[in-house]
Asker: 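Have a look at this one before I ask anything.
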Amino acid sequence: MRVFTLFFLILFYLFSTTAQPLHHEIIAKVNIAEKSIQVNDRITFNDTMQEVPANIEFRLNKKLQFESLRGVNFRITLANSEDPDFNIYSMEIIEISGKLITVDLNYQGTIEGNIEKSKYDYSRGFSETKGIISDNGVYLAGSTFWIPEFTTYSSLFSFTLQVEIAKEWNVMSQGERTFNRISNEVRIVKYVCENPMDEVYLVASQWTEYADSCGNVLVQSFLRKADNELAERYKKVTCNYLSLYENLIGPYPFSKFALVENFWETGYGMPSFTLLGEKVIRFPWILHSSYPHELLHNYWGNSVYVDYSQGNWCEGITAYMADHLIKERNGEGNEYRRSTLQKYADFVNPSNEITLSTFINRNSPAEEAIGYGKCLMMNHMLRMKLGDEVFLKAYADFYKNHIYTTASYNDIKASFQPFVSEDLTPFFEQWVNQKGAPSIQLSNVHVRNENDSFTLLFNLSQVQKNDTFDIDLPVVVYLEDKMDVFQCTVNLQDRSKQFIFKFKERPLKIEIDPEFDVFRLLDKGEVPASLSRMYGSQTITIILPKGDPNYYDYENMANDWKKNFTSEGKKVDIITDRDLSNLPSSSAIWIFGFKNKFAVYNQIAEKLIETLDTNLKTKWKAAQDSGILVFVYSNPENIQQTFAFAGLNNFEAMSGFTARLPHYSKYSYLGFQGKLPANTFNGVWPVINSPLSYTFKFANGQPPVKAKLPQRKALGD
């Protein structure tokens, strides 16, 4: 396998060095104290004069100034300076016809960008910057426009990057590091990237470096504080996931993979490295969630590039082959899909709905639910439709045929088409270009006993307001005295259709899509109330306990929450329990405080609390007495309305609690203890009466359901 990997990489090297029309040789001198950079960029156009446009436009950071706008073989003029981040320049080539064209650009300036809370990722504690040189670290990327970004020529290029920086610092970029030496109190680092890229990263800080190998892949960790154990932990996990994805997709596309600790909280995946924040890398769950997700992006997005003009396909397949696959291997794939569909139901509405073909990046929970969730479910349905073997072969071909090039949903479809006789155009057209989701209703379920056999009849309907979908729906029937479950798939294209099945045994129960295999709009009765339903609501009311001794603490917390919610365009009202005689009609109502007069509504949740085991009940009582208790439940008289309760005994933990709570949006109930605070328990309520499930009632007694759905194999097993 490793010999094949090396041979594969050699082929990529030969392909990239001969095929790229653009090559940068960059020498960058970084002055940390002055927050400045000086750049010499020698650009080679690997086309003859006849093939290069007479005028080539490019963008460059507004703070960077050219030493000269004229060179031996080029002239530069300022074409547009209206954008706040960059200037647009026009470069005229005046080279002798027939020769390769090389130009030398020299420029310098300060990069003092701010690190600001991400409008969307504030709930994760993440921040962002377009580029910064500071005492804590350096981050320069495509968003910085620190090297020319050509808009009328090739969007992909190869490069070499030599960086001169203070000797205590180190540098990370794409490609292979070929030089790292201290000379005259200056560190000089050089990276060579022959693989086509669409941006150049220059990341620098004062790190302790660790290095090992997994076969032919160099595995590195760059940590701001020395930590041998942490580096070893990441090395082992990296080797495991490299092996997994090489077996599933193909040889890893780069010579290294590095874990790089950032100087602010991020979760970024770059070609051949990931940039994670100080807190993030130390969360134990990151090793088997976000970390393999970023590693897999080296296949999807960082070596097979996205043609954004037709929609960003890479986030959905990355989430499916990383986050979903890990859960599936642990027997939790159906729960992950349910949570994915629940996010869509909670956050997406007609005012913010977009198609997959128009999704570019996640800038809101709704965009994430579509670009990640809907695309993930589309891939799952494709796998269910065609089988694991075809699914993996098609994506392996997609990778092999499109590595280091831009690709679209049409290219994915073309990779699948040779393996099947059915035309996949309608499938991709529907899920990529059609808005919305089907909403399924089960009705008119009954059984007829005819001549020692049983006829099961039921109706399935699509009740969404928009156009119907062509969908394949799993049907599961439990039969009397049978240990095996009857499973099949029915096709529904119309608004409503009756289905008829005959059995020798008496049907006891029917379920439609019980493992959440179809992308659809969940009925609120199918899923437990959760925090995501609260965060997804556009109208929120927070009720404060006026008579509580800690009233002003609750008021401060409510104002902080309101600030975050309104930044997302939500309408938030804060009111005291004394000013209300009845609960308002808002779709989401937060009840703050154990002494809130509306806490009496918590009795609605008592039946659900009774379903918890003894250990959970003990932890629940502890959180109620001395910690922080949060739980969510539906209004039984109006399932469209959701209540949530938050009670605090320790207000020193309020800031940490507010920051942590959005991380637990899939849960129905949570408890916290301590000043941090630490999460001590969490869970989701059981679903008691799903509208897509029907259990037959019999006058002569209820026969037990003996069969269980079999455990599926995970992708690649």
Side-chain angles (χ1 to χ4, degrees), residues 12 120-121 141-143 155-156 174 195-199 201 241-242 244-246 248-254 257 266-275 289-326 336 340 343-344 354-364 366-383 391-392 394-416 428 431-433 519 715:
F12 289 166
Y120 168 60
D121 274 329
S143 60
S155 61
L156 298 178
Q174 303 109 296
N195 302 322
M197 293 287 141
D198 56 1
E199 62 184 311
Y201 292 97
Y241 283 109
L242 282 173
L244 171 66
Y245 292 125
E246 287 200 332
L248 286 182
I249 305 167
Y252 178 72
F254 302 110
F257 185 74
T266 51
Y268 294 155
M270 286 81 166
S272 76
F273 70 99
T274 183
L275 192 62
S289 57
S290 299
Y291 186 69
H293 181 105
E294 304 306 344
L295 190 154
L296 182 56
H297 263 312
N298 284 281
Y299 289 86
W300 311 133
N302 286 334
S303 63
V304 180
Y305 301 112
V306 176
D307 181 353
Y308 288 101
S309 68
Q310 299 185 53
N312 182 351
W313 50 267
C314 83
E315 296 297 353
I317 186 58
T318 302
Y320 189 65
M321 286 189 168
D323 311 61
H324 177 273
L325 177 56
I326 292 165
Y336 187 92
T340 297
K343 286 179 183 177
Y344 179 87
I354 61 173
T355 64
L356 286 181
S357 61
T358 55
F359 168 73
I360 305 298
N361 292 304
R362 66 176 186 189
N363 297 302
S364 68
E367 286 186 320
E368 180 183 20
I370 296 167
Y372 288 65
K374 183 175 184 177
C375 185
L376 179 151
M377 289 300 299
M378 185 193 80
N379 277 287
H380 182 69
M381 289 186 292
L382 197 57
R383 173 190 167 194
F391 185 82
L392 290 174
Y395 265 114
D397 274 11
F398 175 65
Y399 173 63
K400 181 176 66 176
N401 294 331
H402 295 282
I403 190 165
Y404 306 133
T405 65
T406 56
S408 67
Y409 281 109
N410 285 334
D411 296 310
I412 295 174
K413 182 189 74 174
S415 298
F416 274 88
F428 277 86
W431 297 114
V432 175
N433 296 318
F519 179 72
L715 185 67

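Keep in mind it's a predicted model, so treat the numbers as computed, not measured.
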Asker: For Arg362 and Glu368, which heavy atoms make the closest approach, and how far apart are they?
Answerer: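 That would be NH1-OE2, 3.2 Å.
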
Asker: List in chain and number order the residues that pass side chain to side chain donor-acceptor pair (under 3.5 Å) with His293, two or more places apart in sequence or in another chain; answer none if no residue qualifies.
Answerer: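 Result, side chain to side chain donor-acceptor pair (under 3.5 Å) vs His293: His297, Asp323.
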
Asker: Rounded to the nearest 0.5 Å, what separation is found between the CE atom of Met321 and the CG atom of Leu244?
Answerer: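 Going from the CE atom of Met321 to the CG atom of Leu244 covers 9.5 Å.
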
Asker: Any heavy-atom pair between the side chains of Ser303 and Ile403 that's under 4.5 Å?
Answerer: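 Of all side-chain heavy-atom pairs linking Ser303 with Ile403, at least one is under 4.5 Å.
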
Asker: With a 4.5 Å limit on heavy-atom distance, are the side chains of Asp307 and Asp411 in contact?
Answerer: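 Not in contact.
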
Asker: Would Tyr372 and Glu315 count as having a side-chain donor-acceptor pair, cut-off 3.5 Å?
Answerer: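 Yes.
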
Asker: Which of these passes side-chain hydrogen bond (donor to acceptor under 3.5 Å, both in side chains) with Gln310: Asn410, Thr406, Thr358?
Answerer: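 Considering Asn410, Thr406, Thr358, a side-chain hydrogen bond (donor to acceptor under 3.5 Å, both in side chains) with Gln310 is found only for Asn410.
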
Asker: Using modelled atom types and a 3.5 Å cut-off, is there a donor and acceptor pairing between side-chain atoms of Asp397 and backbone atoms of Ala394?
Answerer: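 A pair under 3.5 Å: no.
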
Asker: Looking at side-chain heavy atoms only, is the closest gap between Thr340 and Phe519 below 4.5 Å?
Answerer: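 They are not in side-chain contact.
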
Asker: Decide yes or no on side chain to side chain contact (heavy atoms under 4.5 Å, CB included) for Met378 and Leu356, but give the supporting numbers first.
Answerer: CA-CA 10 Å; Met378 185 193 80; Leu356 286 181; 4.2 Å; yes

Asker: Are the aromatic rings of Phe391 and Tyr395 close, with centres under 6.0 Å apart?
Answerer: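 Close enough - the centres of the two rings lie under 6.0 Å apart.
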
Asker: Would you say Leu296 and Tyr245 make side-chain contact, with heavy atoms under 4.5 Å?
Answerer: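 In short, these two side chains touch, coming nearer than 4.5 Å.
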
Asker: Measure the SG-NE2 distance between Cys375 and His380 for me, rounded to the nearest 0.5 Å.
Answerer: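 Rounded to the nearest 0.5 Å, the SG-NE2 separation comes to 13.5 Å.
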
Asker: Take the angle between the ring planes of Phe416 and Phe428 and call it parallel below 30°, perpendicular above 60°, tilted in between.
Answerer: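 Tilted, since the angle between the ring planes falls between 30° and 60°.
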
Asker: Kindly compute the distance separating CE (Met270) from CG (Leu275), expressed to the nearest 0.5 Å.
Answerer: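 Here the interatomic distance stands at 4.5 Å.
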
Asker: To the nearest 0.5 Å, what is the distance between CG on Leu376 and CD1 on Ile317?
Answerer: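 It is 8.0 Å, given to the nearest 0.5 Å.
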
Asker: Flag the pair Tyr291 / Tyr241 as yes when their ring centroid distance falls below 6.0 Å, and as no otherwise.
Answerer: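 Aromatic pair excluded; centres sit 6.0 Å or further apart.
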
Asker: Just jot down the side chain to side chain donor-acceptor pair (under 3.5 Å) partners of Ser272, sequence neighbours excluded, or say none.
Answerer: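 Ser272 satisfies side chain to side chain donor-acceptor pair (under 3.5 Å) with Lys256 only.
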
Asker: Are side-chain heavy atoms of Phe359 and Lys374 found at a separation under 4.5 Å?
Answerer: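 A side-chain contact is absent here, since even the closest heavy-atom pair is not under 4.5 Å.
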
Asker: Does the pair Phe398 and Ile249 meet the rule for a side chain to side chain contact (heavy atoms under 4.5 Å, CB included), with working shown?
Answerer: CA-CA 9 Å; Phe398 175 65; Ile249 305 167; over 6 Å; no

Asker: Ile370 vs Tyr344, test: side chain to side chain contact (heavy atoms under 4.5 Å, CB included). Steps then yes/no.
Answerer: CA-CA 7 Å; Ile370 296 167; Tyr344 179 87; 4.1 Å; yes

Asker: Minimum heavy-atom separation for Tyr404 and Pro253, please, with both atom names.
Answerer: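 Closest approach of Tyr404 to Pro253: OH-O, 2.6 Å.
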
Asker: Let me see the working for Tyr305 and His402 under side chain to side chain contact (heavy atoms under 4.5 Å, CB included), right down to the final yes or no.
Answerer: CA-CA 8 Å; Tyr305 301 112; His402 295 282; over 6 Å; no

Asker: Do the side chain of Trp313 and the main chain of Ala407 share a donor and acceptor less than 3.5 angstrom apart?
Answerer: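 Checked: pair present.
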
Asker: Is it true that Trp300 and Tyr320 have ring centroids separated by less than 6.0 Å?
Answerer: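 No, they do not, as the ring centres are separated by 6.0 Å or more.
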
Asker: Tell me, do Pro292 and Ile326 make a side-chain contact under 4.5 Å, heavy atoms counted?
Answerer: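 Result yes, sub-4.5 Å side-chain heavy-atom pair found.
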
Asker: For Ser357, check side chain to side chain contact (heavy atoms under 4.5 Å, CB included) against everything at least two apart and list the hits.
Answerer: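 Per chain and number, Ser357 pairs via side chain to side chain contact (heavy atoms under 4.5 Å, CB included) with Thr355, Val432, Asn433.
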
Asker: How far does CG of Leu392 sit from CG of Leu248, to the nearest 0.5 angstrom?
Answerer: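 Leu392 CG to Leu248 CG: 5.5 Å, rounded to 0.5 Å.
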
Asker: I'd like to know if the side chain of Asn298 reaches the main chain of Leu295, judged simply by a donor and an acceptor atom lying under 3.5 Å from each other, with no hydrogens or angles considered.
Answerer: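 Present.
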
Asker: Identify the heavy atoms of Phe254 and Pro271 that sit nearest to each other, and give their distance.
Answerer: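 Closest heavy-atom pair between Phe254 and Pro271: CZ-CB, 3.8 Å.
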
